[in-house]
Amino acid sequence: VQLQASGGGLVQTGRSLRLSCAASGFPFADYAIGWFRQAPGKEREGVSCISISDGSSWYADSVKGRFTMSSDNARKRVYLQMNSLKAEDTAVYYCAAGAFKFIAKVERPDLLEYDYWGQGTQVTVSS
């Protein structure tokens, strides 16, 4: 099983980045993929989640309207398009896979148990 996150970098406030998460080794369509982040000195927090099966998605209030998650099922990849980046978005971003297909009726899918985690990619937003 492998989850490979990539696409992080250093950007200025207001700019955009797209993170990518490549998955392998598990039945992709039966899982939900989440993006999480951890800033220095802070606890890890859920950013967004997508059901690979039906495409439903969830976003944390702090990123709603700025971040968009999508999936390419054929390539077993998910993406996190991050627009209008703010300094407070600076963190290490992780993708994770959870063995639950549907999240549309889950209030906080980021709080469910995720089985596999990627290694993280650093996003730094400077003013």
Which atom names give the shortest non-hydrogen contact between Val125 and Thr90, and what distance separates them?
N-OG1, 2.9 Å

Mind checking ring-ring contact (aromatic ring centres under 6.0 Å, His included) for Phe67 and listing every partner two or more places apart, or none if nothing turns up?
none

dist Gln2:CD -> Lys76:NZ (nearest 0.5 Å) comes out at 12.5 Å

Beyond-backbone contact of Arg66 with Met82, side-chain heavy atoms, under 4.5 angstrom
no

Between Asp115 and Gly98, is there a donor-acceptor pair closer than 3.5 Å when you use the side chain of the first and the backbone of the second?
no

Value for CZ (Arg37) from CD (Glu45), rounded to nearest 0.5 Å, stands at 4.5 Å

Closest non-hydrogen atoms of Pro109 and Phe100, given as atom of the first, atom of the second and distance, are O-CZ, 4.3 Å

Cys21 side, atom SG; Ile50 side, atom CD1 - distance, nearest 0.5 Å:
11.5 Å

Working to the nearest 0.5 Å, report the span between CD1 of Ile103 and CZ of Arg108.
12.5 Å

In terms of heavy-atom contacts, Asn83 and Ser16 come closest through OD1-OG, 2.9 Å

Would you check if the side chain of Thr13 reaches a backbone N or O of Ser126 as a donor-acceptor pair within less than 3.5 Å?
yes

In the structure I gave you, are the side-chain heavy atoms of Met69 and Val78 within less than 4.5 Å of one another anywhere?
yes

Chi angles and distances behind the side chain to side chain contact (heavy atoms under 4.5 Å, CB included) call for Leu85, Arg15:
CA-CA 6 Å; Leu85 282 162; Arg15 302 301 292 265; 5.5 Å; no

Assess whether a salt bridge exists between Lys101 and Asp54, defined as any Lys/Arg side-chain N lying under 4.0 Å from an Asp/Glu carboxylate O.
no

When every non-hydrogen atom of Cys49 is compared with those of Tyr114, the smallest separation belongs to SG-OH, 3.3 Å

So that I can tick it off, tell me whether Arg77 and Asp72 are bridged by a salt bridge, with the cut-off set at under 4.0 angstrom between side-chain N and carboxylate O.
no

Determine, for Asp61 against Lys64, whether the closest basic-nitrogen to carboxylate-oxygen distance falls under 4.0 angstrom.
yes

Answer yes if Tyr59 and Tyr94 sit in the same cluster of Ile, Leu, Val, Met, Phe, Trp and Tyr residues linked by side chain heavy atoms under 4.5 Å apart, and no otherwise.
no

Within the structure provided, determine whether Phe28 and Ile33 are in side-chain contact (heavy-atom separation under 4.5 Å).
yes

When rounded to the nearest 0.5 Å, the distance separating OG of Ser6 from OH of Tyr79 is 9.0 Å

Using a 6.0 Å distance limit plus a 45 degree cone around the ring axis, check whether Arg44 lies over the aromatic ring of Trp117.
yes

Verify the cluster assignment for Trp58 and Tyr31: are they in a single hydrophobic cluster under the rule of side-chain heavy atoms below 4.5 Å apart?
no

Spell out, as yes or no, whether a donor-acceptor pair under 3.5 Å connects the side chain of Thr124 to the backbone of Leu10.
no

For the aromatic rings, using the six-membered ring if either is Trp, is the centroid distance between Phe26 and Tyr116 under 6.0 Å?
yes

Working to the nearest 0.5 Å, report the span between CH2 of Trp35 and SG of Cys95.
4.5 Å

Determine whether Asp110 and Phe36 make a side-chain contact, defined as any pair of heavy atoms from C-beta on separated by less than 4.5 Å.
yes

Evaluate the criterion side chain to side chain contact (heavy atoms under 4.5 Å, CB included) for residue pair Leu80 and Ser48; output intermediate values, then yes/no.
CA-CA 8 Å; Leu80 184 67; Ser48 67; 3.4 Å; yes

Leu19 vs Thr121 side-chain heavy atoms within contact, under 4.5 Å:
yes

Under 3.5 Å: donor-acceptor pair, side chain of Arg75, backbone of Ser71:
no

Before you tell me yes or no, could you show the steps for Phe102 and Ser53 under side chain to side chain contact (heavy atoms under 4.5 Å, CB included), namely the whole-Å CA-CA distance, both residues' side-chain angles and the distance that decides it to 0.1 Å?
CA-CA 7 Å; Phe102 303 108; Ser53 181; 3.5 Å; yes

